[in-house]
Asks: 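After the structure tokens below, expect a handful of questions from me.
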Amino acid sequence: MNYSNEMGPKLTAWAVNKIKRDYPGDVALLIGLQGCAVGGDGHGECFDHFVPATERGYALEQEIKIAGINHDLYPRDWARCERTASLEDSATFCLAEGEILYSRSPEDVARFEALRQQLKKNLANPQFVYRKALELLDDAMNLYRNMMFEERLYQVRLAAGYVFRYLLNAALYLDGTYSRYHQGPLTQAARCKELPGQFEAYYNAWMGAKTTGELKSIAHLVIQSTRKFIAERRPAAEEPAFSTNYSWLAAWYSEMSLTWRRLRFYCEQGNADAALEDACLLQNECNEVAEEFGLPEMDILGSFDLLDLVTLSARATKIERDIVAYLAKNGQIPPKYDSFEDFLEKNP
């Protein structure tokens with residue numbers, strides 16, 4: 001390892017000797033990282049972190065500040081290394097690029113290298129990185145929802161910055177690579193073969209934004225662009241497992257049929273308030289059913305018009321008929337009775 005400062009090799013030797021002397025069985029590995037130094041200060045090169053083997057090994061952790069330069073000797077246990085390999089810990093470069101400076105045993109080295117290979121395997125798995133990209137997109141969208149109720153400029157700017165971080169990581173994972181926090185986002189983005197549309201332009205706009213309104217608008221645009229980007233890269237082999245519990249769907253429809261009837265009644269009466277409430281209930285229920293059973297979108301609320309409830313009623317009725325036809329196609333015909341006597345005859 002070539003250090004950019006003279007102190008590096010001496011500090012590495014000190015750490016290795018301390019482990020051998022004070023923690024011979026308690027520390028599995030000492031890991032260094034190239035490329036994290038700031039202005040040649042050797043940060044990360046003499047050591048970045050260690051892997052404790054026992055609870056006692058955590059006591060090795062300390063902050064060492066020499067000549068104004070801080071060197072953080074901190075623990076990343078095996079469980080965290082495993083999370084890193086599974087892309088659950090975003091500091092992937094610590095595993096992908098970590099250099100072993102000290103090892104307790106060949107078995108510890110083999111375990112670390114196996115996790116490094118697992119990380120590479122996961123990054124090369126289209127289904128795996130697609131799922132992780134969706135998780136990061138969800139994180140960004142949740143952060144954006146909170147942003148919309150925040151008015152302090154520094155907090156909105158911070159939230160938008162993390163929106164970009166999550167979405168950049170999603171793009172990097174889909175590209176089969178990982179983030180390097182010690183490089184700027186634009187430098188990392190340049191490593192991607194493909195990025196969400198206008199990603200770099202949106203990032204530059206974020207850096208130049210002066211108001212909360214600008215920042216919120218930029219965050220919305222980059223999320224929208226990345227959603228489209230991720231959706232276009234859904235692996236062909238990734239087929240969702242939709243429910244085939246048609247008897248449950250039939251029972252659901254029987255329960256909800258009263259809501260459809262009630263909606264039609266309120267529309268006929270011109271009661272927009274009650275009709276809209278039932279339409280919202282139906283829309284929510286239909287959204288969940290469509291997702292679970294892989295059904296086409298069922299747009300009820302798009303037809304709501306305060307001055308034209310007839311269109312809403314017709315649209316809801318059309319969707320109800322489609323559901324009944326889908327049930328019939330799958331052998332679930334909801335029972336109907338012409339009268340109470342008819343019901344008694346068939347249900348003695």
Side-chain angles (χ1 to χ4, degrees), residues 33-36 44 80-98 115-148 155-209 214-240:
L33 284 172
Q34 286 279 9
C36 297
R80 187 175 180 187
C81 292
E82 290 167 0
R83 292 196 300 274
T84 305
S86 298
L87 302 181
E88 296 170 22
D89 181 286
S90 59
T92 41
F93 58 91
C94 289
L95 180 59
E97 301 177 6
L115 288 173
R116 201 198 309 263
Q117 291 305 311
Q118 183 61 48
L119 171 62
K120 292 180 180 179
K121 180 180 178 181
N122 286 338
L123 285 169
N125 183 330
Q127 284 80 18
F128 189 91
V129 294
Y130 176 77
R131 289 193 296 271
K132 290 299 175 183
L134 288 177
E135 291 174 11
L136 288 164
L137 174 63
D138 192 52
D139 289 340
M141 292 175 67
N142 285 333
L143 192 53
Y144 174 73
R145 293 185 189 103
N146 292 329
M147 278 178 63
M148 297 308 294
Q155 291 285 42
V156 176
R157 182 169 282 143
L158 172 65
Y162 270 90
V163 165
F164 274 100
R165 172 180 281 192
Y166 293 147
L167 300 182
L168 175 58
N169 278 350
L172 288 166
Y173 290 163
L174 287 170
D175 198 47
T177 187
Y178 51 87
S179 62
R180 293 183 173 99
Y181 288 165
H182 47 281
Q183 296 178 345
L186 290 178
T187 301
Q188 295 183 66
R191 292 164 39 218
C192 280
K193 292 188 290 291
E194 292 182 293
L195 284 169
Q198 300 297 307
F199 186 90
E200 291 171 302
Y202 292 143
Y203 188 84
N204 282 316
W206 169 68
M207 290 195 292
E214 289 177 277
L215 290 164
K216 292 174 182 179
S217 177
I218 293 164
H220 178 270
L221 288 170
V222 74
I223 288 173
Q224 187 178 51
S225 174
T226 307
R227 284 186 69 185
K228 184 174 183 291
F229 178 82
I230 293 173
E232 290 171 346
R233 283 151 184 80
R234 180 174 183 164
E238 182 80 349
E239 293 295 335

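From a predicted model like this one, the values you see are computed outputs, not experimental measurements.
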Asks: How long is the span from the CE atom in M147 to the CG atom in L158, to the nearest 0.5 Å?
Replies: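 So the CE of M147 and the CG of L158 are separated by 9.5 Å.
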Asks: Counting only heavy atoms not in F128 (residues, nucleotides, ligands), do more than 12 fall under 6.0 Å from its CZ?
Replies: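 Correct, the count exceeds 12.
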Asks: Kindly say whether A209 contributes a backbone atom to a donor-acceptor pair with the side chain of R157 at under 3.5 angstrom?
Replies: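 Confirmed, R157 side chain pairs with A209 backbone.
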Asks: Which of these, Q188, K120, E97, sits in a side-chain hydrogen bond (donor to acceptor under 3.5 Å, both in side chains) with Y178?
Replies: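 Looking at Q188, K120, E97, the match for Y178 under the side-chain hydrogen bond (donor to acceptor under 3.5 Å, both in side chains) is E97.
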Asks: State whether the side chain of R233 and the backbone N or O of F229 hold a donor-acceptor pair below 3.5 Å, judged by distance alone.
Replies: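 Side chain of R233 to backbone of F229: a pair is present.
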Asks: Kindly give the heavy-atom pair with the smallest separation between C81 and L115, and that separation in Å.
Replies: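 That would be CB-CD1, 3.7 Å.
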Asks: Give, for atom CD of Q198 and atom OG1 of T226, the distance between the pair rounded to the nearest 0.5 Å.
Replies: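 Between atom CD of Q198 and atom OG1 of T226 there are 11.5 Å.
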Asks: Test your reading of the model: is there a side-chain donor-acceptor pair from N204 to the backbone of E200, 3.5 Å cut-off?
Replies: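 Yes; at least one donor-acceptor contact below 3.5 Å.
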Asks: Looking at N169 and S90, what are the two nearest heavy atoms and their distance?
Replies: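 Between these two residues, the closest heavy atoms are ND2-CB, 4.0 Å.
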Asks: Decide salt bridge (charged side-chain N to carboxylate O under 4.0 Å, His left out) for E232 and K228; before the verdict, give the C-alpha distance in whole Å, the side-chain angles of both, and the deciding distance to 0.1 Å.
Replies: CA-CA 6 Å; E232 290 171 346; K228 184 174 183 291; 2.6 Å; yes
Asks: For a 4.5 angstrom cut-off between non-hydrogen side-chain atoms, does Y130 reach Q127?
Replies: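 No; the side chains remain at least 4.5 Å from each other.
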Asks: Answer yes or no: is there a donor N or O on one side and an acceptor on the other, between the side chain of R191 and the main chain of T177, under 3.5 Å?
Replies: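 No, because the side chain of R191 does not come within donor-acceptor range (under 3.5 Å) of the backbone of T177.
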Asks: Look at the rings of F164 and W206 and say which category their plane angle falls in: under 30° parallel, 30 to 60° tilted, over 60° perpendicular.
Replies: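 Tilted, since the angle between the ring planes falls between 30° and 60°.
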Asks: When you measure from the side chain of R116 to the backbone N and O of A96, does any donor-acceptor pair fall under 3.5 Å?
Replies: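 Checking the backbone N and O of A96 against the side chain of R116, a donor-acceptor pair under 3.5 Å is found.
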Asks: Is there a side-chain contact between I223 and L137 in this structure, where contact means two heavy atoms from C-beta onward sitting under 4.5 Å apart?
Replies: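 Yes, at least one pair of side-chain atoms sits under 4.5 Å.
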Asks: What are the two closest non-hydrogen atoms of P235 and P126, and how far apart are they?
Replies: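 Where P235 meets P126 most closely, the heavy atoms are CG-O, 3.5 Å.
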Asks: Do V156 and K216 come close enough that some side-chain heavy atom pair is under 4.5 Å?
Replies: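 With C-beta onward as the side chain, the pair touches.
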Asks: Quick check for you: to the nearest 0.5 Å, what is the distance between K132 atom NZ and L134 atom CG?
Replies: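 So the gap between those two atoms works out to 11.0 Å.
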Asks: What is the minimum heavy-atom distance between I218 and Y202, and which atoms define it?
Replies: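 I218 and Y202 have their closest heavy atoms at CG2-O, 3.5 Å.
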Asks: Any side-chain heavy-atom pair from L119 and L87 closer than 4.5 angstrom?
Replies: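 Sidechains of L87 and L119: in contact.
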Asks: Looking at side-chain heavy atoms only, is the closest gap between S217 and L221 below 4.5 Å?
Replies: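 Yes. Closest side-chain heavy atoms under 4.5 Å.
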Asks: Minimum heavy-atom separation for A140 and V163, please, with both atom names.
Replies: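 Looking at all heavy atoms of both residues, the closest pair is O-CG2, 3.9 Å.
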Asks: Taking atom CG of L136 and atom CG of L168, what is their separation to the nearest 0.5 Å?
Replies: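 Going from the CG atom of L136 to the CG atom of L168 covers 10.0 Å.
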Asks: Rounded to the nearest 0.5 Å, how far does SG of C94 lie from CG of D89?
Replies: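 If I round to the nearest 0.5 Å, the distance is 7.5 Å.
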Asks: Which atom pair, heavy atoms only, marks the closest approach of A171 to L195?
Replies: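 Shortest heavy-atom contact: CB-CD2, 4.1 Å.
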Asks: How long is the span from the CG atom in L167 to the CZ atom in F199, to the nearest 0.5 Å?
Replies: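 Here the interatomic distance stands at 6.0 Å.
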Asks: Is the count of non-hydrogen atoms from other residues, nucleotides or ligands lying under 6.0 Å from R227 atom CZ greater than 12?
Replies: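 Counting other residues, nucleotides and ligands, CZ of R227 stays at 12 neighbours or fewer.
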